[in-house]
Number of protein chains: 2
Amino acid sequence: MEEQNTNMPDKPKGSAEIILDAAREEFAEFGLEGARVDHIAARANINKAMIYYHFGSKEKLYQAVIDDHVGRIAAFAANQNFDAENPAVIIEKIAEYMNRMFAERRSFVPIFLREIASGGDRLRDSFTRLIRESGITARFRSLIAYGQATGQFRDISAEHAVASFIGMNVFYQIAAPVFNRVWEIHDEEKFRSERPKVVADLFLHGLLK
Amino acid sequence: MEEQNTNMPDKPKGSAEIILDAAREEFAEFGLEGARVDHIAARANINKAMIYYHFGSKEKLYQAVIDDHVGRIAAFAANQNFDAENPAVIIEKIAEYMNRMFAERRSFVPIFLREIASGGDRLRDSFTRLIRESGITARFRSLIAYGQATGQFRDISAEHAVASFIGMNVFYQIAAPVFNRVWEIHDEEKFRSERPKVVADLFLHGLLK
DNA sequence: ATCTCCTAACTAACCATTTAGTTCAACTAT
DNA sequence: ATAGTTGAACTAAATGGTTAGTTAGGAGAT
């Protein structure tokens, strides 16, 4: 029986959500081991015991942050429409989707990196489900198969193609702080916004005969 | 005044080096915050105080591990010969170089990821120097410029091209544990060894008119 | 006798987790 | 209405295990 108080401009956040917001930032900045429960409490302006009351342990809070991230990314993916006649259009749509996904959930990037660094155990399952359900893998496979059947595309394994395509899209999002310095990119936002089109174009031409 | 005892089959490692070996593994597995100095001492079969005797602090030991990694990668890069007439050959050589670099220093991958996750501060300088000195950036820029001047290549910014090329090469090396599961790659070593050729081919065709 | 390499045993601080108790709003029986 | 009951949300202050870093000293070579 949830009531919407129409006087409230923003719905008031419960303390669990406030904690989650604080934890998201703390974990993104310092990682699971580097994060301090006291800091999260301080950020959230809340008593430390409340964290244990709501989440049970530091580890469980961390998992809750990850689940929340993956859930939102999944919701975002579900809203996406990758249907199109033209392979070029689909490829560009997917590139744009990845770009926006990272742009909108930047605090997920460091968590993602550190998780992969420690073997990916905490992500493998939820991430696999997320990607399967989004239908991107299927879409991609049929895209390549169709292109090859119609003789437009060269003979390239779908798996290698995706690994390359994802890498092209994702690498800069991840490595920007170092890449910018090495390659003297001064206007990061501009470069970032140019990427999807350039990547889609390069990839498509790479596939074509 | 380093002496080489010719009787010894393998040159005996000094304790500093033994510590460094142990630290490399511990830090790769758990990161700076997650690593335990006592574990490093145990791995090295050495008293904990020796670590402080030789390295001063956990943080300095960590930095020593990074410097050692970057130094060896730099040495490896210096041995590489990227000279070739044919753009296709150069591209493939660079792809193969990246592949081997990651294969031979896999314990650097998690360290690299976690460093980038925390802003890249500890890497930016040494890494920039490494890449500059290896001459790869210059080689790449002139490669693209030459290809465009001779009319073989389409008009693509060198920076975007590299970001894409590195991403294609590096992504799988990094994300294999999750990627394999999502895309059902069962023979990781095979897939890994196929990558450089496939990547170089895809990239080259992407550039060509 | 002094320098290098090494050890066992310590300590001080840190930090996740617990505990014991408080507040307050909603519900219930009188 | 009112006193009593409950349970969820909350707090201040421990507790105690862990962990980076220290110390005081010993063996062996030069």
Side-chain angles (χ1 to χ4, degrees), chain A residues 1-5 7-8 11-67 111 114-115 118 122, chain B residues 1-8 10-67 111 114-115 118 122:
Chain A
M1 217 176 285
E2 304 204 350
E3 282 173 274
Q4 202 71 9
N5 186 334
N7 292 334
M8 290 290 174
K11 59 188 166 200
K13 288 184 176 181
S15 56
E17 201 179 343
I18 294 175
I19 292 170
L20 210 61
D21 288 346
R24 186 162 38 237
E25 288 175 37
E26 175 82 5
F27 284 129
E29 203 164 332
F30 301 110
L32 171 57
E33 290 88 354
R36 297 291 161 246
V37 177
D38 294 81
H39 291 180
I40 296 173
R43 275 186 207 251
N45 242 311
I46 224 167
N47 190 282
K48 182 163 54 150
M50 284 311 296
I51 292 173
Y52 290 89
Y53 176 74
H54 284 296
F55 295 94
S57 72
K58 186 190 187 185
E59 166 93 28
K60 281 182 192 164
L61 174 59
Y62 181 67
Q63 188 66 57
V65 167
I66 291 187
D67 292 347
I111 291 177
R114 278 188 267 245
E115 278 310 307
S118 27
R122 252 181 293 251
Chain B
M1 217 176 283
E2 304 204 351
E3 281 174 273
Q4 203 70 8
N5 186 334
T6 46
N7 292 334
M8 291 289 174
D10 292 312
K11 60 190 165 198
K13 288 185 174 180
S15 56
E17 201 178 342
I18 294 175
I19 292 168
L20 210 62
D21 289 345
R24 184 161 41 236
E25 288 176 37
E26 176 81 5
F27 284 128
E29 203 163 333
F30 303 110
L32 171 58
E33 290 88 354
R36 295 293 162 243
V37 177
D38 292 85
H39 291 180
I40 296 173
R43 272 187 209 252
N45 243 308
I46 224 169
N47 191 280
K48 179 160 65 145
M50 285 309 297
I51 292 173
Y52 289 90
Y53 174 75
H54 283 297
F55 294 95
S57 74
K58 186 190 186 184
E59 167 91 30
K60 280 182 192 163
L61 174 59
Y62 181 67
Q63 189 65 55
V65 167
I66 290 187
D67 292 347
I111 293 178
R114 279 189 265 247
E115 278 310 307
S118 26
R122 251 181 294 251

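Atoms considered below: every heavy atom in the structure, side chains included; atoms not considered: hydrogens, waters and symmetry mates.
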Give a yes or no on whether a donor-acceptor pair under 3.5 Å exists between the nucleobase atoms of C/dT17, that is its base, and the side chain of A/Lys58. no
Is A/Glu33 paired with B/Arg114 through a side-chain N to carboxylate O contact shorter than 4.0 Å? no
Just compare D/dA8, C/dT19, D/dA20 and give me whichever is closest to any side-chain atom of A/Ala49. C/dT19
Using atom CG of A/Asn47 as one end and atom P of C/dT18 as the other, report the distance to the nearest whole Å. 14 Å
Nearest 0.5 Å, please: how far is CD1 in B/Ile66 from CD in B/Glu115? 4.0 Å
Against the side chain of A/Tyr53, the closest entry in D/dA8, C/dC5, D/dA12 is D/dA8
To the nearest angstrom, how far is B/Ile51 atom CD1 from C/dA8 atom P? 14 Å
Nearest whole Å is fine: how far is C/dC5 C1' from B/Tyr52 OH? 18 Å
May I ask you to verify if any side-chain N or O of A/Ser15 is less than 4.0 angstrom from the OP1 or OP2 atom of D/dA9? no
D/dT19 phosphate, OP1 or OP2, under 4.0 Å from B/His39 side-chain N/O: no
Using modelled atom types only, decide if a donor and an acceptor are shared between the side chain of B/Glu26 and the backbone of B/Arg36 within a distance under 3.5 Å. yes
Integer-rounded Å distance: C/dC14 C1' and A/Glu33 CD: 16 Å
Quick one: closest heavy-atom pair of B/Ile18 and B/Ala44, and the distance? CG2-O, 3.6 Å
Looking at every strand, decide which applies to B/Ala41 at a 4.0 Å heavy-atom threshold: base, sugar-phosphate, or nothing. nothing
What is the distance, to the nearest angstrom, from the CD atom on A/Glu59 to the C1' atom on C/dC15? 16 Å
Value in whole Å for how far the P atom of C/dC5 lies from CD of B/Glu17: 14 Å
Protein-nucleotide distance (B/Glu26, atom CD; D/dT19, atom P), rounded to Å: 10 Å
Could you please name the option among C/dT7, C/dT4, C/dA16 that lies closest to any side-chain atom of B/Met50? C/dT7
Mind checking B/Ala16 for me? I need base, sugar-phosphate or nothing, with any heavy atom below 4.0 Å counting as a touch. nothing
Member of A/Ile19, A/Val65, A/Ile40 meeting the side chain to side chain contact (heavy atoms under 4.5 Å, CB included) criterion with A/Phe55: A/Ile19
Nearest-Å distance, NZ (B/Lys48) to C1' (D/dT22)? 9 Å
I want to check one thing: is the phosphate of D/dA20, taken as OP1 and OP2, less than 4.0 Å away from some side-chain N or O of B/Arg36? yes
Identify, between A/Val37 and B/Ile46, the residue whose nearest nucleotide on DNA chain C lies closer to the 5' end. B/Ile46
